Number of protein chains: 4
Amino acid sequence: MSRVSQPTLCRPEGKSVDEQRTSRKRRANGEESRRRILDAAVEVAVERGYDGTSIALVSKKSGLPASSIYWHFKDKDELIAAVIERSFGTWLALWVLPEGDGPRERFSALATLIGKALLDSPDFLRLGLMLTLERRPVEASARRMFLQVREQACRQVAATLREVVPELPDESVALLTTYAMAAADGLFIAKEIGGDSVDLVALFELHAHSLYDTAVRLSAPGRP
Amino acid sequence: MSRVSQPTLCRPEGKSVDEQRTSRKRRANGEESRRRILDAAVEVAVERGYDGTSIALVSKKSGLPASSIYWHFKDKDELIAAVIERSFGTWLALWVLPEGDGPRERFSALATLIGKALLDSPDFLRLGLMLTLERRPVEASARRMFLQVREQACRQVAATLREVVPELPDESVALLTTYAMAAADGLFIAKEIGGDSVDLVALFELHAHSLYDTAVRLSAPGRP
Amino acid sequence: MSRVSQPTLCRPEGKSVDEQRTSRKRRANGEESRRRILDAAVEVAVERGYDGTSIALVSKKSGLPASSIYWHFKDKDELIAAVIERSFGTWLALWVLPEGDGPRERFSALATLIGKALLDSPDFLRLGLMLTLERRPVEASARRMFLQVREQACRQVAATLREVVPELPDESVALLTTYAMAAADGLFIAKEIGGDSVDLVALFELHAHSLYDTAVRLSAPGRP
Amino acid sequence: MSRVSQPTLCRPEGKSVDEQRTSRKRRANGEESRRRILDAAVEVAVERGYDGTSIALVSKKSGLPASSIYWHFKDKDELIAAVIERSFGTWLALWVLPEGDGPRERFSALATLIGKALLDSPDFLRLGLMLTLERRPVEASARRMFLQVREQACRQVAATLREVVPELPDESVALLTTYAMAAADGLFIAKEIGGDSVDLVALFELHAHSLYDTAVRLSAPGRP
DNA sequence: AATGAATGAGGATTCATTCAT
DNA sequence: AATGAATGAATCCTCATTCAT
């Protein structure tokens, strides 16, 4: 049967450059086709959601027949899961606290970074949010993949918070983490809705600032 | 031919009482069918999105044949628009700043209110966000309706901000409004993802607090 | 949704004549379409088996689009089940022991009748045997339907045996019934293979004769 | 290109021992693959028939890629023909009248043997009957092969009849042969349907007995 | 002696929608 | 105020087969 790829969450999808240059030059046409299919799939999925992503459309955009898509991916669900998987690297790479002077500045720099990232490669989040908003339990793998990645991002945020404001109690860290992620999601959506009238960078700076203040406030002994 | 409802944003769907008295029993049955269709449609739309909402499914859930759905609604687009329209009243009613003591308290009370609202009738926001995240220009009326409602909510938030922190400059109001709405959206999604582990009320309180602090900070003359 | 017919095993499919003449003359076009689909389906199923019966082919033969077939039948399985159901009446009607002189003669007459029946309307048995030879547990309803009908035929044979040779012990009745049915099936197949070179009527006469003799032998006290 | 086997009806597939000695280890692996494919193919064909036997399924069951199947067999038709061919030896070997005392006993012994055979390796007959029941002229070679084998079996039965009841006239031999084969087929099917509730051995004994009686009757001068 | 990749045709089924009644 | 019936286009996916390696 077909060689369907199992989602290898940890392959950071950047190795393929030298692979292509090495031995399996022409033999590895499969790799190239797979890429083309994925490219087409992101494009479609991002603008139409799960149900709106038809194999026929992906086939047209990728130039490969529908049956070839099924050679590379077991079904639509796994195709979309692979799409999500692929943006994983790009996305997660950003969640590293940049070196910097004071905690506040570093925090702010991170926020700016994320804001910019959302502008440049928003596919991952957009698709993930789409899948999340739908309630049905089907299309399991795609959704699961998104949630895994998101979970990892959450841990990163929590770590950053703890690093920057060490005396913050654990429940506060949890609360703030959720809040930080949520606002990030929301700002992404706001940008979608408002378009150019929304200054994402300014908003993320605001977010970072307010987050920091709140963290400090919550770490101080006397307050509700 | 059929009496298709144009989306009258301001008819809060409860006035139908006198309609019923006017045209008498004859129409009562039609109204009931329409309601059943809408009920079924929300259920489906909420868990599958626009493309996933098939007339056949709505037909099955409502118990009425597909052709009857087309008697009540011009097409799928208008059906979903109607679904959104219906949650309008419920939703907008919440965005009234409750009477209260100090500005901070009133602010906080509002936030709590919204948090609770999201728990009780989340269909409106969920559906709207779904439509928003898709990039293509289909399902025009439904999307437009959602954005109108959202716009109205934004104005309400802005007004509240101005009322509570009068000296806030206009750009800051705009920025903060966007931020406030975004965070609300994000928190809603966080609740979807996290389920019971997410304390929506606490988060909204945190949100209100941090928003208020930020507003005060931004209204003060000297600050970054 | 569609009005999919539940298999009413006991409607002997002969009433439809006056129905057509009465009220729902033009309204009952559905009935007519259903019939056309079934006609086409027997034709195809009989010469290609279950898997070979494609909806597209049935659609072409019946002149109705594939989607219309799905209005009348839930899926392929139910279509074929309906096909089997329809030949039920024709087929079962034969299994009545004709009036006649001695038991041997009546037995023989029945056999002749069945032999002739197999020549005239072999669809039921052919399809049923096809389904039976396939081992998979799917396509449930079609297969189940055949087995039900067959079961009924078995009871008829057993009753006839008991009537003709009353002193036959119960286990012998069971054994002979199975044997009688089996040989009938086999003779049908032999006719399929041998074509004109096979004299089905003569074979069934032989069968009846040998069956009768065996029954008599088994009912006699002394022998294995 | 590929070494596709033409159906050599008489190579009973066991002789490959010397082949192995001739061309040595090199080909052993090919032979093994071929066997695995055939094993998988019987399994599938037996439970789904000709149309239901997909190369993909055979590929999955055998663990070999579809393209490898095409190296060993020209097409699906020849694959199934090979499947049937393989059961040939096993099956035909049974049709030898065992040595024994009286004609009646030898007859009975043969029947018992066949009954047991049907229980042990029913694939051949099942597949053959499946192919026979379909009316269209496809899968030519497989069908032809089955009919050849069956023809041979018929000759064997006829010979046995003549040997056991020498004075039987020729037309009676033909008729009885057809009848004997038909009943055997039918009993096989009965076993399929009835499962454990069907005592195949007892039925075949009954069959042999009744066949013998009938033969004797037909060979006697005075009878209807 | 294989096999990874590809492919066009066709598989069943569902789609949104219409129309006569 | 409905609804039974129909329908063409689209859905996802599998088919048998080929070919370069």
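None of the values given here were measured: they were computed from a predicted structure. Here is the naming used below: chain letters follow the sequence lines, and residue numbers restart at 1 for every chain.
Going from atom OG of C:Ser59 over to atom CD1 of C:Ile37 covers 9.0 Å, rounded to the nearest 0.5 Å.
Distance, B:Leu79 CG to E:dC15 P: 14 Å, rounded to whole Å. Atom P of nucleotide E:dA2 and atom CZ of D:Arg34 are separated by 12 Å, given to the nearest angstrom. Here E:dA1 presents its P atom at 16 Å from CZ of D:Arg35, a figure rounded to the nearest Å. The separation between C:Trp71 atom CH2 and E:dA20 atom C1' is 14 Å, rounded to whole Å. Residue C:Ile37 contributes atom CD1, which lies 11 Å from atom C1' of F:dA5 at whole-angstrom precision. Rounded to an integer number of Å, the gap from D:Phe73 CZ to E:dA1 C1' is 14 Å. Between the CG atom of A:Leu64 and the C1' atom of E:dA6 there is a distance of 8 Å, rounded to whole Å.
One finds a salt bridge joining A:Glu43 and A:Lys61 here, because a Lys/Arg side-chain nitrogen approaches an Asp/Glu carboxylate oxygen to under 4.0 Å. Under the 4.0 Å criterion applied to side-chain N and carboxylate O atoms, A:Arg86 and A:Asp39 are assigned as salt-bridge partners.
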Could you go through C:Glu32 and C:Arg35, starting from their C-alpha distance and side-chain angles, then the distance that decides it, and tell me whether this counts as salt bridge (Lys or Arg N to Asp or Glu O under 4.0 Å)?
CA-CA 5 Å; C:Glu32 147 86 355; C:Arg35 199 187 42 68; 2.9 Å; yes
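Listed pair D:Asn29 / E:dA2 meets the phosphate criterion, a side-chain N or O lying under 4.0 Å from OP1 or OP2. Note on A:Ser68: a side-chain N or O is less than 4.0 Å away from OP1 or OP2 of E:dT7. Applying the 4.0 Å criterion to OP1 and OP2 of F:dA2, one finds that B:His72 has a side-chain N or O inside that range.
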Identify all pairs in which a protein N or O lies below 3.5 Å from an N or O of nucleotides 11-13 of chain E, and state each distance.
residue : atom : partner : partner atom : Å
E:dA12  : OP1  : C:Thr53 : O            : 3.2
E:dA12  : OP1  : C:Ile55 : N            : 3.2
E:dA12  : OP2  : C:Ile55 : N            : 2.8
E:dT13  : OP2  : C:Tyr70 : OH           : 2.6
E:dT13  : OP2  : C:Lys76 : N            : 3.0
E:dT13  : O5'  : C:Tyr70 : OH           : 3.2

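Here the side chains of C:Arg48 and C:Leu57 are in contact, with some heavy-atom distance below 4.5 Å. Here the side chains of D:Val46 and D:Val83 are not in contact, with every heavy-atom distance at 4.5 Å or above. With a 4.5 Å cut-off on side-chain heavy atoms, C:Ile80 and C:Phe73 do not count as touching.
Heavy-atom distances to DNA chain F give each of D:Gly52 and B:Ile69 a nearest nucleotide, and the one nearer the 5′ end belongs to B:Ile69.
Within the cation-pi definition used here (under 6.0 Å to the ring centroid, within 45° of the axis), B:Lys76 qualifies as a partner of B:Tyr50.
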Using a 3.5 Å limit on both pairing distances, list the dot-bracket string of DNA chain F from the 5' end; Watson-Crick and G-U wobble pairs count, crossing pairs take [ ], interstrand pairs take |.
.||||||||||||||||||||
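Side-chain N or O atoms of A:Ser68 include none that pairs as donor or acceptor with a backbone N or O of A:Leu64 at under 3.5 Å.
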